[in-house]
Structures are given as structure tokens and as C-alpha cells.
Asker: 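Questions regarding the structure given below will be posed in turn.
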Amino acid sequence: MSKAILVLNAGSSSIKCTIFDAVDTTLTVRYQGQIEGIGTQPHFKMTDQAGAVLFETTWANPSSGKGHAYALEQLAAWLDPRLPEAGLLGIGHRVVHGGAHYSAPVVIDQVVLHDLHGFIPLAPLHQPANLAGIEATMAFLPGVPNVGCFDTAFHRTHPIEADRFALPYAFYDEGVRRYGFHGLSYEYIARTLPELDPDLAQGRVVVAHLGNGASMCALKAGRSVDSTMGFTALDGLPMGTRCGQIDPGVLLYLMQARGMDASAIQDLLYKKSGFLGMSGVSSDMRNLEASDDPRAAEAIAYFVYRIIRETGALASVLGGLDGIIFTAGIGENVYRIRERVCRGLAWLGVEFDPVANAHHGPRISTATSAVSAWVVPTNEERMIALHTIAALTEA
Ligand code: ADP
């Protein structure tokens with residue numbers, strides 16, 4: 001029988017939503033949409049499965065107090081008359097942090113919700129928005145089960161060396177560990193790989209998830225063995241507004257010499273750094289590419305440099321490399337960045353195919369390349385829907 005799954009990805013400035021029709025594990029999009037620009041100029045748009053716009057509106061900026069709660073109310077009001085006819089099996093939520101405990105999706109009850117609130121200090125910008133989404137659906141759809149799907153869960157297979165910092169052990173016990181993020185995206189890619197190239201799926205693969213948030217993951221036979229993100233989603237590659245890897249001594253300097261407190265440093269590292277901070281132009285790759293400002297070019301060059309550097313590190317961890325995969329907004333669309341990265345990895349055995357790259361692959365290395373390179377679109381929403389079905393039918 002056909003059932004619907006609502007997938008909610010409530011982030012710090014956007015809420016994305018997809019309603020899937022599910023026949024067993026075959027998923028078809030019924031509606032999808034998002035509210036973007038929460039905190040600035042919220043814009044709400046819903047489309048049908050063919051992409052036709054069903055509803056679109058913009059409302060006043062948050063000086064009128066219209067933040068996340070208002071956005072969720074608007075979404076609920078649009079969904080309300082459309083959901084009962086669909087027969088809702090459950091609601092799947094993206095949750096950035098599941099701590100060390102949650103290594104798989106979980107049906108959310110009050111105990112789980114309480115635990116997830118405990119992880120807010122570990123992901124102060126994302127976790128509160130995720131939990132607001134869960135609490136909103138519990139209120140407006142009572143009786144429909146909610147399933148939490150964690151960005152950290154896929155990385156719980158890391159060996160201890162990839163999970164630790166060189167700090168006194170007590171900090172590790174307290175939860176100061178390298179969790180890794182973007183796990184739903186990596187899991188989706190790992191599931192897709194056997195269809196693309198069954199041998200590669202069993203091999204040593206680096207996946208570069210290059211979006212507003214960006215990270216990389218080392219997969220061995222489809223399991224995560226290391227990732228560039230660590231304790232928080234700040235580490236590793238530079239991102240739209242996040243700094244990526246930074247010497248912790250810089251933070252001491254900011255505190256001691258510049259008198260900055262924790263909230264000023266948090267604001268700097270999460271919201272004012274990365275492409276935006278380096279370029280002074282924009283956090284958005286489209287704007288950086290269109291800009292004549294040399295600092296925009298420098299920000300792109302630094303991004304490419306760090307991807308190449310991290311690929312070398314992850315390939316070492318894997319004991320060699322069989323393939324590299326590009327995904328997410330930049331990875332799927334910006335062929336110039338893929339080209340620069342692949343050319344920088346020629347020494348590792350990537351033989352780049354510029355024609356295939358211009359067409360976005362899927363394979364962007366030559367047939368004789370020792371290390372294959374690919375463009376694989378990610379789909380975190382679909383991964384969440386599959387987890388939600390599994391969690392509810394196994395429960
Ligand atoms: P997130 O889901 O983390 O918000 P996305 O995966 O949507 O982010 O990626 C957003 C990034 O991808 C932005 O920097 C955006 O400029 C870039 N991007 C998306 N599409 C294109 C495109 N066609 N050309 C250039 N950049 C693009």
C-alpha cells in the first residue's frame with residue numbers, strides 16, 4: 001500500500017521539506033519545497049514532483065519577530081489540508097548531532113528528545129533548529145511517529161585514532177571527540193556506488209561533499225573510516241561562512257590579544273569566515289566565480305588547495321585510492337573546481353576527462369585512469385525517508 005513520508009530538514013536559516021509517496025522502499029516525490037532566508041527575508045516555495053510551483057510567498061524580515069517558529073507554522077498550515085489524504089506513515093528529521101550514543105536512526109520519544117537537547121552545546125547553530133522542527137511536528141501532527149536521522153551516525157565506524165584528540169582522556173569520555181558530519185549524504189553515496197561501479201563500491205574512495213557546508217569522507221568498502229570534520233561542523237575544509245581547519249592558537253590569540261569572548265569567536269568562525277571572510281564578496285560560490293575581485297579568486301584557490309591536501313591525507317589513511325566522488329551544490333555543478341582538484345591529483349593516478357567533466361559526468365576520468373573520478377548527486381532527503389521507513393517498519 002502507498003504511504004507518505006514527510007522529511008524535514010530544519011537548518012539554521014532554512015527549512016527544507018519533502019513529501020514522498022512510498023510503496024515499500026520505492027519513493028516518489030509528491031511535494032517539495034523550502035523556506036529560505038529565515039533571519040533575513042524569508043521566502044517560502046512549494047513545488048510538485050514535476051517542479052511546477054504550487055505556492056510561493058515572502059514575508060517581512062525578523063524584526064517583526066517572524067523567525068523559525070513562524071516559518072514552521074506557515075509550513076504546517078500549507079501541509080495541513082494536504083497530508084491526511086496522503087496517509088502519513090511517519091516524519092523523518094535530519095538531526096545534525098547524535099553524540100557518541102546514537103549510531104542509527106531512532107524513533108523519537110521524550111527520552112530521546114531530552115538526550116538530543118543535551119547535544120546543543122556540540123552543535124549550537126544547527127541542533128536547536130533541528131529540535132524545533134521535531135517539536136513542531138509533534139505538536140501539529142500528534143500521533144504520527146517522528147524519526148531522527150543523524151549526520152554523525154554514519155561515522156561511528158571510525159577507528160579510535162580517527163575519533164580522538166590528543167587531549168587528556170577525561171575529555172574524550174565527556175564527549176570531546178571527532179564525530180564527523182554530512183553522514184546522511186555519505187551514506188546515500190555509499191548506497192548508490194554499487195550501481196555505478198560495483199568494484200569501486202568495495203574499494204578505497206574519497207567523497208567530497210562540497211556545498212555551503214563542506215567536508216570529505218574516506219570510505220573503505222562503503223564504510224566511513226575518517227572525515228575532515230571533527231568535534232563540530234567547523235573543522236576541515238573552508239566553507240561558505242565557516243573557517244575550516246584552524247590552529248587552536250589563533251583562538252587563544254583572539255581571546256588574549258583581542259579580548260574576544262566565546263560568542264564573538266563563535267560568530268566569527270561560523271558566520272563571518274570561509275568564502276565570505278576571505279573574499280569580502282560573498283559566501284556563495286556562484287558570486288565568487290562571477291566576481292572580478294582578486295580576493296574572490298584567492299578564496300576559490302584556497303578551497304581547491306584544501307580539497308587536494310585533504311584528499312592526500314585521506315588517501316594515506318585508506319592505504320591508497322581507487323576513486324574520488326564530487327557531490328553537493330558545488331561538487332555537482334562547478335566543473336572548474338572539479339577540474340582543478342582532479343589536475344592537482346594527477347600524481348595520485350587521476351587521469352582527468354575534460355569533456356565528460358563539462359557534461360557533469362557521471363565519470364569524469366578517462367577509461368584508463370588508475371583512480372576514477374565521478375560526479376554523483378547526493379540526496380539526503382531520500383536517505384532520511386528510507387531510514388524512516390526502516391525504523392518504523394522494524395519498530
Ligand atoms: P547546502 O545544502 O549546504 O545549503 P548546497 O549543497 O545547496 O548547500 O550548495 C550550495 C553551494 O553550491 C553554494 O555555494 C552555491 O553557490 C553552489 N552552487 C549550487 N549550484 C551552483 C551552480 N550551478 N554553479 C555554481 N555554484 C553552484
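Along the sequence shown, residues are numbered consecutively beginning with 1. Indexing begins at 1, ligand by ligand and atom by atom, following the structure's order.
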Asker: Nearest heavy-atom pair of D235 and Q245: which atoms, and what distance?
Answerer: OD1-CA, 3.4 Å
Asker: Give me the nearest non-hydrogen protein atom to atom 16 (O) of ligand 1 as residue plus atom name, then the distance to 0.1 Å.
Answerer: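 For this ligand atom, the closest protein heavy atom is D284 OD1, 2.4 Å.
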Asker: Report yes if G211 has an N/O atom closer than 3.5 Å to an N/O atom of ligand 1; otherwise report no.
Answerer: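 Min N/O separation from ligand 1 is not below 3.5 Å for G211.
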Asker: May I ask you to check whether F150 and Y102 place their ring centres under 6.0 Å from each other?
Answerer: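 Yes; F150 has its ring centre under 6.0 Å from that of Y102.
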Asker: Establish, for the pair R242 and Y270, whether the NZ or CZ atom is under 6.0 angstrom from the six-membered ring centre and no further than 45 degrees off its axis.
Answerer: no
Asker: Any nitrogen or oxygen of E289, side chain or backbone, less than 3.5 Å from one on ligand 1?
Answerer: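 In fact, backbone or side chain, E289 has no N or O that close.
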Asker: Start with the C-alpha distance between S227 and H182, add both sets of side-chain angles, then the distance that settles side-chain hydrogen bond (donor to acceptor under 3.5 Å, both in side chains), and finish with yes or no.
Answerer: CA-CA 9 Å; S227 156; H182 291 135; over 6 Å; no
Asker: Identify the protein heavy atom lying closest to atom 6 (O) of ligand 1, giving its residue, its atom name and the separation to 0.1 Å.
Answerer: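 Checked against all protein heavy atoms, atom 6 (O) of ligand 1 sits closest to G329 N, 2.9 Å.
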Asker: Out of the candidates H155, H387, R223, only one should pair with E187 under the side chain to side chain donor-acceptor pair (under 3.5 Å) rule; please name it.
Answerer: H387
Asker: State if G213 counts as touching ligand 1 under the rule of any non-hydrogen atom under 4.0 Å.
Answerer: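 Yes, G213 has a heavy atom closer than 4.0 Å to ligand 1.
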Asker: For ligand 1, which atoms, with element, lie under 4.0 Å from some heavy atom of N333?
Answerer: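 The list of qualifying atoms is 19 (C), 20 (N), 21 (C), 22 (C), 23 (N), 24 (N).
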Asker: Check whether the ring centres of F275 and F303 lie less than 6.0 Å apart, and answer yes or no.
Answerer: yes
Asker: Which ligand 1 atoms, with their elements, are less than 4.0 angstrom from a heavy-atom of I330?
Answerer: 11 (C), 12 (O), 14 (O), 17 (C)
Asker: Provide, to 0.1 Å, the distance between atom 8 (O) of ligand 1 and the closest protein heavy atom, together with that atom's residue and name.
Answerer: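 Closest protein heavy atom to atom 8 (O) of ligand 1: N212 N, 3.1 Å.
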Asker: In the protein, which heavy atom is nearest to atom 2 (O) of ligand 1, and how far is it?
Answerer: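 Looking at atom 2 (O) of ligand 1, the protein heavy atom closest to it is K16 NZ, 3.4 Å.
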Asker: Has ligand 1 got any nitrogen or oxygen that is less than 3.5 angstrom from a nitrogen or oxygen of R286?
Answerer: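 Yes, since at least one N or O of R286 sits under 3.5 Å from an N or O of ligand 1.
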Asker: Test your reading of the structure: does M285 have an N or O sitting under 3.5 Å from an N or O of ligand 1?
Answerer: yes
Asker: Judged by modelled atom types alone, do T57 and W59 share a side-chain donor-acceptor pair under 3.5 Å?
Answerer: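 Short answer, no.
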Asker: Please report the closest heavy-atom contact between R382 and N379, naming both atoms and the distance.
Answerer: N-OD1, 3.0 Å
Asker: By number and element, which atoms of ligand 1 are closer than 4.0 Å to a non-hydrogen atom of V334?
Answerer: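 Ligand 1 atoms under the 4.0 Å threshold to V334: 25 (C), 26 (N).
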